[in-house]
Amino acid sequence: MKRIVILISGRGSNMEALVQRCAVEGWPAQVVAVIANRPDAAGLRFAAAKGIATAVVDHKQQASREAFDDALRTCIDGFSPDLVVLAGFMRILGADFVRHYEGRLLNIHPSLLPAFPGLHTHERAISAGCKLHGATVHFVTSELDHGPIVMQSVVPVRADDDADALAARVLATEHVIYPQSVRWFVEGSLAVCDGRVTHRDGQSQWLVG
Ligand code: GRF
């Protein structure tokens, strides 16, 4: 059984989708802990109710970014993870941290990377007049919102969309592509070569939402 640790900062709907799909589909994996950088992260309640270990490493209690990264790493490694999943985790992690989890650290970002790294992706997609938008699951590198792409979802941008409407449409696809990507990882179905991720059996690594 592969051991998964999930990091969240707030609502945790992607974490919920992962926990549920893992249980329902019987993945060869277990979510062993959910860790938040904010004590008020709502997703912690869901995890605790499911009997999953929870922990808080509060960035505000740490003297520096490096101290936070070290404390977080210590906390995560206490659960001996095979995979660390960033699910709406809103802190930038340092290069040493990222290197420590190289090849076993996944993130989901609400845009079609490499377009729109960073924040406010839905507003930016609307302002740019994009006709398509989406989400990306990728392995994490030390460059923000960058790294080998596991899966992407695409949704239309409608003329009357505001950021909330577009975010909701994208989020619904996140709840499909993130569990799918994590399942492939724990099943050992992903190969990374020259910065490109392929599925060993050639499964489609995209979703049209
Ligand atoms: C998601 O849109 C995720 O892509 C982004 O932050 C949001 C988190 O939502 N990084 P949730 O906490 O998983 O509900």
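Note that ligands are numbered from 1 as they come in the structure, with each ligand's atoms numbered from 1 the same way. Keep in mind the model is a prediction, meaning the values are calculated, not measured. Note that these values count all heavy atoms, side chains included, but never hydrogens, waters or copies made by symmetry.
- Close approach of ligand 1 to Gly88 is summarised as follows: ligand atoms under 4.0 Å from at least one heavy atom of the residue are 6 (O), 8 (C), 10 (N).
- The heavy atom nearest to atom 4 (O) of ligand 1, considering only Glu174, Arg11, Met15, Glu16, is found in Glu174.
- Against a heavy-atom cut-off of under 4.0 Å, Ile108 is close to the following atoms of ligand 1: 4 (O), 10 (N).
- Using the six-membered ring where Trp is involved, Phe89 and Phe68 have ring planes that are parallel, under 30° apart on the 30 and 60° scheme.
- Aromatic rings of His109 and His138 (six-membered ring for Trp) have centroids beyond the 6.0 Å cut-off, not under it.
- Ranked by closest heavy atom to atom 5 (C) of ligand 1, the top entry among Ser13, Pro110, Ala87, Gly12 is Pro110.
- Using a distance-only test at 3.5 Å, with no hydrogens or angles considered, no donor-acceptor pair links the side chain of Ser153 to the main chain of Leu207.
- When atom types are taken as modelled, the side chain of Ser181 and the backbone of Val137 share no donor-acceptor pair closer than 3.5 angstrom.
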